[in-house]
Amino acid sequence: MENVIQNGTAKNMKWDSKRFAAGKTGTTNDGKDAWFAGVTDEYSTVVWVGCDKPKANDELYGNTYPVKIWKTYDK
């Protein structure tokens, strides 16, 4: 799961912290939900993005909004 952040689907977050981090992205087949589950040496957090009333979004993937939100936890 470390590779997901360093070279995989979440590499676009450009993890620049010295803190250990690993994670997993996810997206539903219909693009209505996306998430990123991540861990560091201090916390674990899952970020889910979607709508209460499901609606497809062509720009929603686990490595877009969820990753950007998750990275802010290290600030």
Side-chain angles (χ1 to χ4, degrees):
M1 289 177 42
E2 288 177 68
N3 193 50
V4 169
I5 290 176
Q6 296 168 357
N7 302 305
T9 54
K11 70 181 175 186
N12 66 327
M13 87 160 78
K14 296 181 172 83
W15 185 252
D16 55 358
S17 174
K18 294 180 181 179
R19 184 186 315 271
F20 162 83
K24 177 72 176 104
T25 61
T27 309
T28 56
N29 290 343
D30 53 13
K32 294 178 182 175
D33 298 284
W35 58 90
F36 181 75
V39 297
T40 71
D41 52 350
E42 293 188 11
Y43 57 84
S44 62
T45 306
V46 176
V47 175
W48 167 83
V49 177
C51 296
D52 290 338
K53 294 181 182 181
K55 176 182 172 187
N57 182 337
D58 293 338
E59 298 177 8
L60 181 59
Y61 297 96
N63 67 348
T64 58
Y65 304 109
V67 162
K68 290 176 184 177
I69 294 167
W70 186 86
K71 187 177 178 183
T72 66
Y73 279 86
D74 194 51
K75 299 292 180 206

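Residue numbers run from 1 in the order of the sequence given.
- Among residues two or more places apart in sequence or in another chain, the side chain to side chain donor-acceptor pair (under 3.5 Å) test is passed with N3 by N7.
- Going from atom OG1 of T27 over to atom CZ of F36 covers 12.0 Å, rounded to the nearest 0.5 Å.
- Each of W15 and W35 belongs to its own hydrophobic cluster when Ile, Leu, Val, Met, Phe, Trp and Tyr are linked at side-chain heavy-atom distances under 4.5 angstrom.
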Identify all side-chain donor-acceptor contacts of residues 43-55 below 3.5 Å with residues at least two apart in sequence or on another chain.
from : atom 1 : to  : atom 2 : distance (Å)
W48  : NE1    : D33 : OD1    : 2.9

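- K11 has its side chain out of reach of V67: every pair of non-hydrogen atoms, C-beta onward, lies at least 4.5 Å apart.
- Here the shortest heavy-atom pairing between A34 and G62 reads CB-N, 3.6 Å.
- Summarising the geometry, atom NZ belonging to K71 is positioned 4.5 Å from atom CG belonging to D16; distances are rounded to the nearest 0.5 Å.
- At distances below 3.5 Å, not a single donor-acceptor pair connects side-chain atoms of T40 with backbone N or O atoms of A21.
- The two residues R19 and D41 come nearest to each other via the heavy atoms CG-OD1, 2.8 Å.
- M13 and I5 make their closest contact through CE-CG1, 4.2 Å (heavy atoms, listed as atom of the first residue, atom of the second, distance).
- Between the side chain of N63 and the backbone N or O of T25, no donor-acceptor pair lies under 3.5 Å.
- V4 and F20 fall into different hydrophobic clusters, where Ile, Leu, Val, Met, Phe, Trp and Tyr are joined by side-chain heavy atoms under 4.5 Å apart, directly or via other members.
- The heavy-atom pair separating P66 from L60 by the smallest distance is CD-CD1, 4.5 Å.
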